[in-house]
Protein chains: 4
Amino acid sequence: MFKVGIIGGTGYTGMELMRLLAHHGEAEVVEVTSRSECGQLVSDLFPSLRQVSGLRFSHPDQGNLKGCDLVFSAAPNGIAMSHARELVDAGVRLVDLSADFRLKDIGEWEKWYGLKHQCPELVAEAVYGLPEVYREDIRTAGIVANPGCYPTAVQLGFLPLLKTGLVETGSLVADAKSGVSGAGRKAVLGTAFSELSDSFKAYAASGHRHLPEILQGLREMGGGTVELVFIPHLLPMIRGIHATLYARLTEAASATPLDEIQSLYERHYRDERFVDVLPTGSHPDTRNVRGSNVCRLALHRPPGSRTIVVLAVEDNLVKGAAGQAVQNMNLMLGLDEGCGLSGIALVP
Amino acid sequence: MFKVGIIGGTGYTGMELMRLLAHHGEAEVVEVTSRSECGQLVSDLFPSLRQVSGLRFSHPDQGNLKGCDLVFSAAPNGIAMSHARELVDAGVRLVDLSADFRLKDIGEWEKWYGLKHQCPELVAEAVYGLPEVYREDIRTAGIVANPGCYPTAVQLGFLPLLKTGLVETGSLVADAKSGVSGAGRKAVLGTAFSELSDSFKAYAASGHRHLPEILQGLREMGGGTVELVFIPHLLPMIRGIHATLYARLTEAASATPLDEIQSLYERHYRDERFVDVLPTGSHPDTRNVRGSNVCRLALHRPPGSRTIVVLAVEDNLVKGAAGQAVQNMNLMLGLDEGCGLSGIALVP
Amino acid sequence: MFKVGIIGGTGYTGMELMRLLAHHGEAEVVEVTSRSECGQLVSDLFPSLRQVSGLRFSHPDQGNLKGCDLVFSAAPNGIAMSHARELVDAGVRLVDLSADFRLKDIGEWEKWYGLKHQCPELVAEAVYGLPEVYREDIRTAGIVANPGCYPTAVQLGFLPLLKTGLVETGSLVADAKSGVSGAGRKAVLGTAFSELSDSFKAYAASGHRHLPEILQGLREMGGGTVELVFIPHLLPMIRGIHATLYARLTEAASATPLDEIQSLYERHYRDERFVDVLPTGSHPDTRNVRGSNVCRLALHRPPGSRTIVVLAVEDNLVKGAAGQAVQNMNLMLGLDEGCGLSGIALVP
Amino acid sequence: MFKVGIIGGTGYTGMELMRLLAHHGEAEVVEVTSRSECGQLVSDLFPSLRQVSGLRFSHPDQGNLKGCDLVFSAAPNGIAMSHARELVDAGVRLVDLSADFRLKDIGEWEKWYGLKHQCPELVAEAVYGLPEVYREDIRTAGIVANPGCYPTAVQLGFLPLLKTGLVETGSLVADAKSGVSGAGRKAVLGTAFSELSDSFKAYAASGHRHLPEILQGLREMGGGTVELVFIPHLLPMIRGIHATLYARLTEAASATPLDEIQSLYERHYRDERFVDVLPTGSHPDTRNVRGSNVCRLALHRPPGSRTIVVLAVEDNLVKGAAGQAVQNMNLMLGLDEGCGLSGIALVP
């Protein structure tokens with residue numbers, strides 16, 4: 001049984017890691033740290049874990065993270081980078097759910113996150129944890145930068161299309177909608193029930209931190225210039241991301257039938273158990289992936305238009321965070337990639 | 001006091017008309033018809049109208065619609081066209097909240113609505129009821145085709161931009177999201193609480209009935225070819241539409257500063273009391289227009305992009321239906337355009 | 001036109017006062033204070049008031065509250081009592097929406113609210129602002145203690161029954177459920193969307209601050225000992241209170257038919273325009289009073305039982321707070337009691 | 001591997017059975033019947049089961065239910081009783097999730113359900129499937145009548161208290177609130193999103209079908225006369241039941257400290273893995289049992305009162321239906337009682 005630790009276990013992604021790992025079978029959470037809650041029973045803070053976990057939060061400086069085989073960091077941005085060097089040197093592998101190791105361009109990172117990076121040399125080594133793209137590198141990585149929730153859906157949705165050269169890469173649009181849990185477990189007026197329920201709005205329309213992360217990925221996929229307009233919105237619901245992706249066929253490719261693109265997607269993801277391409281014309285909903293690690297895709301070509309529309313859904317806390325982190329852990333530890341991830345969506 | 005009637009008063013738009021007209025002051029609902037509920041007190045079906053309305057539903061064939069100055073049809077598609085000729089001949093003016101008189105191209109209408117049109121000659125006479133565009137024609141119209149909820153938000157959002165020639169009209173995108181009340185008051189599994197709550201999805205991505213209506217309007221505004229991709233989505237909330245509109249600046253116009261476009265919008269809507277242009281960079285939410293007749297717009301230009309993003313919100317039952325219908329009625333009857341429409345959004 | 005001021009206008013009740021007073025016609029808000037937002041446009045904080053109010057928040061020490069005819073305090077507990085003496089001395093009348101003047105027993109107040117009361121002598125003078133009980137005293141009061149949201153529903157629901165002596169007053173139960181807006185406009189983890197949505201729980205089951213307020217009222221009504229178990233619950237919705245009230249018929253009265261009690265309620269509230277007694281066996285829902293000042297009541301006698309069940313609903317921000325405050329203001333200023341309160345519930 | 005079948009698999013409880021059994025390990029669903037959907041892939045109707053189940057719905061008359069070891073009936077009331085005789089004669093055991101076998105008094109059953117019972121003799125044999133009370137009888141039962149969702153929470157909540165004789169059994173109150181999924185998967189206006197969302201109401205306050213079922217259980221537990229007022233309410237959320245239970249201590253027992261009653265509950269449920277007694281003064285919420293088979297209880301004694309308040313929560317589709325059915329199946333097949341039921345609540 002592998003021993004794993006969690007840095008910053010009081011947020012939603014930390015909690016979700018504990019849910020997924022509780023019945024994993026090959027890995028066991030032995031350490032969960034929290035500055036604010038240290039000493040407290042995890043199940044006092046999260047009653048869903050009563051009868052499941054007897055762990056107490058430990059102080060990050062006192063817990064035995066170095067005794068773990070692998071550590072997840074579920075802390076806010078800026079924390080993982082302060083632990084990384086020590087863990088790496090102790091031979092402990094790290095899956096970071098924050099943004100600390102996602103952007104290769106340190107200057108860009110510092111601009112968007114407003115912090116000075118503490119270990120740029122480790123960023124260079126870190127592997128971007130999107131298994132459907134970087135699987136082999138992840139197996140041997142010391143540090144895995146677990147992707148953001150939006151970037152997972154947007155990249156998986158555009159990937160096969162970008163590889164073909166069928167679409168204009170200079171005018172991509174990602175209109176993305178997220179459940180409120182993506183904003184984390186915080187006391188903030190903006191995410192109060194009375195402020196958000198029964199309402200809807202865009203946010204950060206003039207620039208969101210996930211844009212450079214998505215662009216970095218799409219550029220690697222498409223092998224060239226990519227221009228993307230990315231507008232995130234906040235949904236009055238807890239879990240789920242829905243990305244509506246628009247890509248214009250090039251003039252040369254404008255006669256390509258949708259069926260051909262559908263086949264392309266099905267072939268591309270044929271061996272991926274966590275990406276599910278629906279029949280052409282489907283409309284995936286977020287509830288059918290709620291709690292599961294699946295990303296669902298569906299393709300459309302609206303009438304009278306040269307645009308391909310990809311609908312992509314996932315649970316932001318699972319495939320968009322903790323589930324993908326466990327998938328990465330499984331790869332890193334040489335386990336079956338789907339271990340602990342067979343949970344079925346909770347519907348209705 | 002003008003006398004008004006409502007055909008098909010058991011749906012959400014009929015109900016909303018009664019709410020708005022209850023304290024209108026210049027017009028009074030004297031007749032509400034319903035086949036299924038005739039004889040019943042309106043306030044038995046809609047307890048919010050207890051102490052407000054003592055009316056009973058009358059049978060459409062027996063009620064005295066012809067004694068009214070103006071009649072709203074809030075019935076499903078296909079009903080208004082069966083009443084129109086008789087009303088027009090009796091000198092009664094008609095505001096139709098269904099789609100019966102919206103499309104000038106009868107063939108197109110019959111294709112999308114699956115019905116044979118009963119009075120094409122009246123379609124030619126009917127005026128499209130978007131006061132911000134067709135105000136003068138509305139004043140004297142016999143029949144006003146009240147716009148659909150999506151078309152109102154999308155057209156008001158694109159209008160000033162299309163008039164300028166600054167954007168490419170061949171690649172417009174409207175990613176639109178609607179509250180569930182837009183689907184009407186019906187017993188349908190698809191809009192059951194347990195099927196929709198805490199979830200989100202696109203629908204009709206391969207073609208929605210509102211597309212030809214929007215295109216007809218945009219083409220008239222833009223004076224030429226317009227290609228639009230329109231993807232509607234269903235929000236887990238009752239009221240509200242949010243349209244996120246994408247338009248690419250032409251190469252020639254790509255250096256136009258956002259401020260200039262902002263000024264353009266402010267000037268265009270300066271005298272419109274039901275269109276409110278927010279400061280650049282704002283994110284209007286649907287709750288701040290819930291129950292009010294206002295459509296709010298905000299402009300963005302995402303970093304590193306040639307695309308202008310317009311955020312447009314409205315209450316689908318007010319500015320997107322009954323409120324706009326009352327606004328049209330006011331114009332038709334020579335009343336103050338805002339009469340009965342001063343209601344402030346119910347927040348939180 | 002009467003001049004009114006609002007102390008602490010950044011919460012939900014302050015906002016709701018401004019919505020209700022915007023089209024009042026006889027009273028006008030001329031001053032809204034806020035320490036945190038002073039100088040800012042009210043409509044910047046509350047976009048629903050754009051195009052409606054041009055006011056700016058003023059600092060409580062600098063605003064001209066003493067120039068008002070009447071002042072509402074919508075600030076948290078403990079603030080109104082610090083302004084009261086000065087206002088009273090200046091001849092300004094005060095409607096306090098907080099708890100500062102609600103409990104006649106100062107010791108009890110200090111125990112529940114954890115503060116030292118600053119003007120016990122004014123508590124003695126203050127009138128409890130439940131117009132259906134204390135209408136005449138309210139007309140001439142200098143200070144009106146506007147009731148809490150739960151106390152309004154519970155007292156109006158029990159009132160006619162307690163006056164009759166038909167029920168055992170030693171075993172009353174009030175199982176009450178409130179929308180989240182009752183917790184105020186605050187950044188608190190406990191009322192975050194992701195913590196409350198799609199969930200339900202009781203709170204303060206071992207003692208809630210509104211219990212002594214309700215008991216004080218019921219004892220005055222029932223003329224004797226009253227024992228009440230009061231359990232509040234938090235609903236995953238914004239507005240609305242539903243109180244389910246249980247009272248056991250005395251043995252002597254156990255054969256009283258429900259119709260007789262129904263008549264009693266109808267007679268009792270016959271002249272009250274803001275209390276609406278539904279036909280026996282009805283189930284009022286909160287949405288049909290959302291945004292309106294009406295409290296709806298319905299009576300049941302479950303089969304095989306000696307218990308009368310009263311269902312009471314209201315909008316916690318209107319009849320449970322700001323609407324009732326305006327009703328009190330109307331009485332105090334000699335205006336029509338319903339002035340500004342004709343708003344119809346927003347349904348759906 | 002045991003073979004199990006499901007009659008009427010298109011509702012929420014059928015779907016939930018398939019979710020729970022998908023990874024059960026000792027039992028496998030081999031047959032799912034549906035008249036309306038026969039021939040269709042289960043995963044086409046329920047996309048959450050894509051990649052999980054390859055089953056197709058079979059026609060109830062053609063499927064091989066008699067080849068199963070055990071059959072669940074998840075069909076509406078009145079269906080299981082038409083299959084029961086044939087299954088019992090074929091040696092197939094039956095867990096019925098409908099009400100067909102719950103009431104021992106056939107006359108009472110026929111009154112509440114409006115049907116003629118087809119096999120009263122099997123009702124006499126059937127065992128009520130509340131394992132915490134009837135575990136030993138369930139092991140050997142041919143037919144298990146799986147309890148209703150409300151009855152499970154109410155009985156588990158009152159049980160230890162009734163066994164003691166400390167409370168007056170003539171004035172019990174159960175104020176119960178249920179998520180909408182309890183109403184089933186149906187196209188009904190009353191459970192439409194726009195009718196229920198953001199609202200709350202009681203229903204069936206003058207008599208609900210679950211009352212006689214609860215009374216039958218409580219009377220057996222308490223060994224005598226029990227009078228219960230039971231008022232169900234509808235919550236604007238999908239899953240979850242919260243029962244707030246009120247029981248008055250007898251005069252003799254009125255001095256019993258709450259701690260003593262707490263100990264009593266803890267002792268009573270010490271060996272029950274699906275009943276979790278929280279520390280005194282806790283407020284269980286429904287989300288922390290969402291998707292899990294746990295019923296949580298907490299005790300309170302409000303100040304100045306002789307009443308014990310029990311708060312009980314469960315997921316109506318799991319411990320209140322499909323989970324409890326699997327628990328019963330495990331007992332009947334000699335498996336570990338918790339097999340397939342270790343799922344942790346999905347929070348947030």
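Order of the sequence lines sets the chain letters (A, B, ...), proteins ahead of strands, with each chain counted from 1.
- Checked against the 6.0 Å centroid threshold, H233(C) and F200(C) count as a close aromatic pair.
- If you tally non-hydrogen atom pairs under 4.5 Å between each of G184(A), S194(A), G190(A) and chain C, the highest count goes to S194(A).
- Both the backbone and the side chain of R185(A) come within less than 4.5 Å of a heavy atom of chain C.
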Original post:
Under the salt bridge (Lys or Arg N to Asp or Glu O under 4.0 Å) criterion, do K177(A) and D175(A) qualify, and how do the steps go?
Top reply: CA-CA 7 Å; K177(A) 302 90 176 171; D175(A) 189 290; 2.9 Å; yes
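- Heavy atoms of V188(A) lying under 4.5 Å from chain C belong exclusively to its backbone.
- Highest contact tally toward chain A, considering only A187(C), S181(C), P236(C), is held by A187(C) [criterion: heavy-atom pairs under 4.5 Å].
- Your options are G179(C), A192(C), A183(C), and the one with the most heavy-atom pairs under 4.5 Å with chain A is A192(C).
- Aromatic pair F230(A)/H208(A): centroids less than 6.0 angstrom apart.
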**OP:** Go through the steps to decide whether R290(C) and E314(C) satisfy the test salt bridge (Lys or Arg N to Asp or Glu O under 4.0 Å), and finish with yes or no.
**Re:** CA-CA 7 Å; R290(C) 179 169 49 209; E314(C) 67 178 19; over 6 Å; no
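- None of R56(C), M15(C), E37(C), M18(C) except one satisfies the side chain to side chain contact (heavy atoms under 4.5 Å, CB included) rule with V42(C); the exception is M18(C).
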